[in-house]
Every structure is written in structure tokens, then in C-alpha cells.
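Below is one structure, written out as C-alpha cells; comments come after it.
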Amino acid sequence: MLMSKLVVKTLREAPADAEAISHQLLVRAGYIRRLASGIYSFLPLGLRVLRKVEAIVREEFDSVGAQELFLPALHPVEIWQETNRINTMDDVLMKVEVRGGDFVLGPTHEEAVIATVSPDLSSYRDLPATVYQIQTKFRAEARPRFGLLRTREFMMADAYSFDVDKEAMRSTYKMLFDAYCAIFDRIGIEYFPVEADAGSIGGDVNHEFMVPAAIGEDHFAYCKACGYAANIEAATRGERTVSTITSPAKEMRKVATPNSPTIKAVVDFLSGHGFVASAETSLKSMIVIDSQGAYHLLLVPGDRKVRIPSGMRAAEASDFEANPHLHLGYIGPIGMREVGVTIWVDRSISEEVGYCTGANEVGYHLLDVVLGRDYIADHVFDLVEVVDGDPCPRCDGDIALVRSVEAGHTFQLGLTYSNKIKSARFSSEDGSEAPYYMGCYGIGISRIPAVVAEVSHDANGLIWPLELSPFEVVVVALGYGSNDLVTEAADRIYDSLIDEEVDALLDDRNLAAGVKLKDADLIGITYQIVVGARGVADGNVEVKDRRTGEASVVAIAEVTDFLLDLLA
RNA sequence: CGGGGAGUGGCGCAGCGGCAGCGCACCUGGUUUGGGACCAGGGGGUCGGGGGUUCAAAUCCCCCCUCCCCGACCA
């Protein structure tokens, strides 16, 4: 490809709306362009990178026997009604009403894949089977941001596995998990498969593939000592001693605490009125609602954030209005069981400490409330979000939080969908009908270029790993079109590379040397061959590795072989 | 959905009642060619949209739209 023909124009300055470094560089270097908020076009350079990501995913999926198919992006609303995700995923669904019916633009394809392949997987003899596709997905993101990292329309590869039972599903999962590791190994960036929360997709065991990055919207807990890694939404912590707290358990008593609906306000109020109070010895009370609509009270130390158990959601204003026993800002455990609220207590809450808690009466709190003496817990559980320095749940080490971007997610779905979808059945060996044990495996194809850009760039621009580089090499001809020696040498080198089937780009533009060198660095192609008048006079060119900055002077006659060695 | 900020040429910005500008990019000619050149000439804008105030509106007022940032559960 000749750069003079390539549809690209680099920018000296990034658009003002680009915050993330990947967003700035991908736009400046001419890989992508915004069409609307959270909607991006891929220009020729960007598409080349996208195709490389796709190729890696295809190769690794194919190598474990997954078969590619292609599902529609437009789904009839009926299949979403069957699983009720038309309601449970309402906040992200894009709906289309047109002549001919109501449709959903697919944000994920569990319903569609089952509807498509279940006739082909009607017998235990047809299982196990794994299919995958690379498709455009749509989500009505609350807030698209960071360029390609969070968009409303994006490219995703998603695989779905079908097995006869749990054990078979686990073994398939392991196989796909390994394929994911192979994919990320080839992409060549640091990543961590972390234990994760199932979220709205449902299911059991699952892992997120996290890439540490400053811009990341997620955090995972990581223990250097043993390798424990879990999303902050799923991470637990080891035992913590509460030895620093000494508060003789006096009689429980009620005090007036006007206008103190938060932990901070209560502690400030009590401290200002002669009481001993701290966030650590206050109980943070949070009402959550389970999938059956039942109310639960979660109690954690006031200095910690609550981690809502999966399957539950935080109560909303309407839930409080529906229950006259709940007084926002003054909720506590005393009397809650009697009105049908289940009490969950965090493991770290001590039975030897008198805590401050809401009195379930507006404007009042209770002091010296003791677990086991004044109230009992229905469940003792890990209910706090881990923080830096918490003890590791698996060893004696400490947990550190790592900011990261989610690049992939693998799930053991089990029967989550098969139980809801009538057609998700096969005839088993004994002739009875059985549901599929499923797995699903998603990787954000269009997010990968941005993730790589986030972690692989320098002050001059992008730095592509060879596996993703839009071209393998760019021939930067300084003085092309005006210096005959340079022009001839560059043409000869370029032709020779093409003859050897190297994916080469020739910068044949008649521009100042500085512009061409800056562009080459900005675009970030892995290898550069710099052809300049100085070197050509001696019969040499310079081969530079964009990743390391290392440059070698190579004779023109040998440069093709030299590069082939590098690419081998 | 709540709070904050911003919409002026492809991109970055200035102008804030009186002829719509600058840098980059683009076009023509010439000079230049190892780190974002130089000289000369040129093209491109219903100043986000609508309404209002005014002799006069990019500029003041009202409504709407779009974009960006922060938050959206701790009771």
C-alpha cells in the first residue's frame, strides 16, 4: 500500500472531546472517527487492526473446535420476552419498531443462538458443541465514553457452548478459558483472568479477562503472594481482627440524632454532643431486595462500602415508600426481623462491640447495640467491598486493588437460559428430554485496539505489537519524489518486500522529513525502514523497532532478508 | 436520570452588540527533505437549531438539540 493512496489524514492535535489517551491517539493517527457519541467509524488503518484481532480470535476458537456462524443483529422481541430479559435488561436494550414487528438490536445473543442451533443439537449425540460469531452489538450505554472503550455500538466475538451435564460443561469451559488465554498471550499485553460476579447475564463460575490500565473503570483485588485475583464485585477478604476497638458493652439506649441520615452526620453529631462515636463502630444499614421481592437488611461497619450479594439489588425510593417500617437514614437491625426483613451481618462485626445504629425512627439512633444480645442475624456473610491492604482470603498476603479494563468475560451459564427457553432441550441417552448446560464467552473485539493503545504508546504515538500492527513495516522514504537515489532505493525495497509477501506500507508522500517521521511514530507500525539521502549514499537504510526504539543500519541489498528474519 | 462545562471552516481555538478571525489541514506555483519546513497566492462558515430584544446579534434574553466531564446504592 502506498501512503499517498491510503485514506488517512493525521492530526497534530486531538479533538477536544477525546479524554482517554487511546481515544486521542487512535483519532489523531487516523484509525477511527466519531460519527455520534459512542459510535465510531473504523478507517482503513483501524479496520486492519480490527481484522487482526478477529483473525487471532478465529484461529484460537477454531483450534478448540468452535465453529463460526453468524447470527442476526436484529432480534424479534418475542425471544427476549421468553427469557424476560426484555424487562430485566431494559436499561441497555435498543428497541426498533418498524413495519413488520418489534425488534431488539442484540446486546448479546444467548436467545438468538439457542433459537438458531437448537434444532441441530437435538440429541446427546450432537453434544458437546460450541459455536461462535463475530458481530456488531448494541447497548444503550448510560454514558458512552473513552472512545472505543465504552460505546453504544461495538464489535464482539461471542462463543456459546452446549453440553449434556455440568461436568461436561466444566471441561468445555476449561477448554475455552485456555483459548482465551492463548488469545491474550498472542495480543501480547499483560492480563489477568479474575473471578467475577455473574451480573445480569446469570450463571455460576465466571472469569473476567482484565487488562490493568489507568483509564480502567473496573477494579480487581489481587494478591501478589498467591495470585488470587477477583473483581471487586466478587472479591472476599480474610479474617480481620477488630482488636483496636474497645467499647465496653453497656445497655442499649436510644438517643435523639436530628438531621443525621448518614454515617458521617451521625458520628459528627454524637461526637459534638459528648458521645464516643466512630464510623468503624457504627453500623451501615442497607436495604436490598432479592429476585422474589423480599427485603433484606445488610449490616457492615460504617467505614466500609457494602458489596451487594449477587442476585440482589439496592432498594429504590419506591421500595421505601412501599414499606412503612423503613425510615431512610435511620434504619437499623432492631425490630427488623419482626417485620419480615432478613438480617445479614458482615463477618467482621463483633459480638463484643456496642455499635451505633439507626433506631428505625426518624431522628433517633441506638447506641451500644450488640450482635447476639440485642438482635440476631439470619446470615453472617462477607458483605464489604475489599480495599487495599485487606487480608487475602486464600493466604497470609495482602490484597491490592488494580484498576483495569475488562477485555473479555467467560461464563458457565449452566441451566440459566435452558430453564427459560423451551427449545433449549435435547434427547438424552435414556430417551428423556434434558436441558443444555451452557457456557458463553465474550471478547470485546473493537475494545481491544483501544486497550492495547492504552497500555502501549509513548509521547510520540501508538506502538503496535506485531500481531496487531496495521502493516508489518512502513518504508519511510525521506525525500521521495525529489531525491532520485532515495526514490529508487525505497521503491526497490518496497517491491522486494511485497514480492516476499510482507505486508508493507510505503510512505511515498513528497513531504518534509520531519512530518513523515512523526507520522510513522504516531501511527505506530511495528517496524520502520527509514530511507534517507544520507544512508542511501553509503548503500544503507535504517531499520527501527517502534517498540524498543532500537535501530539497525542495514545494507539496502540485505534489508528484505533482515526484515524477514525479524518477522519470522 | 442528577450536577457541571462547552458548541464559531475538516481539527484546535480567539472574538462576546457594529465588515467573521488565527494556527493546523486543504488548493496553485516555487524553494526544501533525518524529527510536525519556507515564500507567494487561494478556496472553504446560514457562528448547533428555533424564537425574541435591538437601527444592528456569533455577542443580550427564552426554548430546544448535540457533545464532554463528574455522579447515579451505603439510608
Side-chain angles (χ1 to χ4, degrees), chain A residues 8-20 23-24 27-28 30 33-39 91 140 142-147 217 233 257 259-266 279 282-289 297-308 312-317 319-320 323 325-332 336 346 357-360 362 365 383-385 459-461 476-487 490 507 509-522 528 530-537 540-542 544 549 551 553:
Chain A
V8 68
K9 195 87 75 182
T10 60
L11 295 174
R12 192 181 297 223
E13 291 170 295
D17 64 9
E19 172 87 354
H23 186 193
Q24 295 178 8
V27 172
R28 278 189 58 206
R33 185 161 293 135
R34 193 181 72 83
L35 190 59
S37 177
I39 303 177
D91 51 340
R143 184 139 87 89
R145 61 184 134 176
F146 303 143
E217 298 177 276
E233 290 165 7
T257 51
N259 304 315
S260 304
T262 64
I263 295 286
K264 184 179 184 306
V266 173
S282 299
L283 291 180
K284 187 176 282 189
S285 306
M286 184 174 186
I287 296 289
V288 297
I289 314 243
L297 172 64
L298 310 184
L299 295 173
V300 305
D303 60 337
R304 301 293 298 242
K305 287 182 92 171
V306 174
R307 181 173 62 87
I308 299 173
M312 299 198 178
R313 63 172 176 85
E316 295 165 11
D319 301 311
F320 286 101
N323 192 324
H325 301 291
L326 302 178
H327 303 286
L328 209 69
Y330 300 93
I331 291 171
M336 273 291 128
D346 181 63
T357 171
N360 292 317
V362 174
H365 278 77
L383 293 173
V384 306
E385 207 172 275
N460 293 317
V476 187
L478 307 177
Y480 192 97
S482 59
N483 179 311
D484 291 344
L485 282 177
V486 166
T487 306
D507 188 350
R509 299 172 302 170
N510 189 7
L511 292 175
V515 175
K516 301 177 75 161
L517 291 164
K518 287 282 186 192
D519 271 352
D521 282 351
L522 176 61
Q528 301 175 358
V530 180
V531 183
R534 221 164 54 196
V536 168
N540 295 324
V541 294
E542 193 178 284
K544 187 175 124 186
V553 175

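By convention in this document, chain letters (A, B, ...) are assigned in the order of the sequence lines, proteins followed by strands, and residues within each chain are numbered from 1. When reading the values below, keep in mind they use all heavy atoms of this one structure, side chains included, and skip hydrogens, waters and symmetry mates.
Look at B/A72: it lacks any Watson-Crick or wobble partner with both distances under 3.5 angstrom. With a cut-off of 3.5 Å on both pairing distances, the Watson-Crick or G-U wobble partner of B/A6 is B/U66.
Between A/Gln528 and A/Asp521, the closest side-chain pair of non-hydrogen atoms falls below 4.5 Å.
Between A/Ser285 and the phosphate of B/C74, there is no side-chain N or O to OP1/OP2 separation shorter than 4.0 Å. Listed pair A/Arg145 / B/C70 meets the phosphate criterion, a side-chain N or O lying under 4.0 Å from OP1 or OP2. Not one side-chain nitrogen or oxygen of A/Arg28 sits closer than 4.0 Å to the OP1 or OP2 atom of B/C11. A close approach under 4.0 Å does not occur between any side-chain nitrogen or oxygen of A/Arg307 and OP1 or OP2 of B/C74.
When each of B/C11, B/A75, B/C26 is scored by its nearest atom to the side-chain atoms of A/Pro15, the top-ranked nucleotide is B/C11. When distances run from any side-chain atom of A/Arg12 to the nucleotides B/G34, B/G36, B/C74, the shortest one goes to B/G36. Checked against B/U33, B/A75, B/C69, the side chain of A/Glu19 finds its nearest nucleotide in B/C69. Nearest to the side chain of A/Asp17, among B/G35, B/C74, B/C67, sits B/C67. When the nucleotides B/A25, B/G34, B/G36 are ranked by their closest atom to the side chain of A/Thr10, B/G36 comes out on top. For A/Ile331, the side-chain atoms get nearest to B/A75 when compared with the rest of B/C67, B/A75, B/G35. Set against B/G71, B/C13, B/G34, the side chain of A/Arg143 has B/G71 as its closest nucleotide. Which of B/C67, B/A75, B/G34 sits closest to the side chain of A/Val530 comes down to B/G34. Of the candidate nucleotides B/C68, B/C70, B/G36, B/G36 has the atom lying nearest to any side-chain atom of A/Leu522.
Looking at heavy-atom distances under 4.0 Å, A/Ala14 makes contact with sugar-phosphate atoms alone, never a base. Using a 4.0 Å heavy-atom criterion, one finds that A/Val486 contacts no nucleic acid atom at all. A/Lys9 comes within contact range of the sugar-phosphate backbone alone, with a heavy-atom separation under 4.0 Å but no base atom that close. The residue A/Ile263 sits close only to the backbone: its heavy atoms come under 4.0 Å of sugar-phosphate atoms, none of a base. Contacts of A/Tyr330 with the nucleic acid, taken as non-hydrogen atoms under 4.0 Å apart, involve only primed sugar atoms and P, OP1 or OP2.
Nucleotides B/G49 and B/G9 have their P atoms positioned 10 Å apart, rounded to a whole Å. Rounded to a whole angstrom, the distance from the C1' atom of B/A25 to that of B/G42 is 15 Å. On the C1' atoms, B/A20 is 33 Å away from B/U31, given to the nearest whole Å. Distance check on atom C1': B/C74 versus B/G52 gives 48 Å, rounded to whole Å. Comparing B/C11 with B/C68, their P atoms sit 14 Å apart, to the nearest whole Å. Atom name P, nucleotides B/G36 and B/G50: the rounded distance is 44 Å, in whole Å.
Between A/Glu385 atom CD and A/Lys305 atom NZ the span is 5.0 Å, to the nearest 0.5 Å. The structure places CZ of A/Arg28 at 8.5 Å from CD of A/Glu13, a figure rounded to the nearest 0.5 Å. Note that OH of A/Tyr480 is 13.0 Å distant from CZ of A/Arg509, once rounded to the nearest 0.5 Å.
Annotation for A/Asn259: atom CG does not count as buried by contact number, only 12 or fewer foreign heavy atoms lying within 6.0 Å.
Not a single donor-acceptor contact under 3.5 angstrom links the side-chain atoms of A/Arg33 to the base of B/G10. The base of B/G36 sits within donor-acceptor range of the side chain of A/Asp519, with an N or O pair under 3.5 Å.
Distance CD (A/Glu13) to P (B/C13): 7 Å, rounded to an integer number of Å. The NZ atom of A/Lys518 sits 6 Å away from the C1' atom of B/G36 (whole-angstrom rounding).
For the side-chain hydrogen bond (donor to acceptor under 3.5 Å, both in side chains) with A/Asp17, the lone residue among A/Arg145, A/Arg34, A/Gln24 that qualifies is A/Arg34. Checking each of A/Leu298, A/Leu297, A/Thr357 against A/Leu283 for a side-chain contact (heavy atoms from CB on, under 4.5 Å) leaves exactly one that passes, namely A/Thr357.
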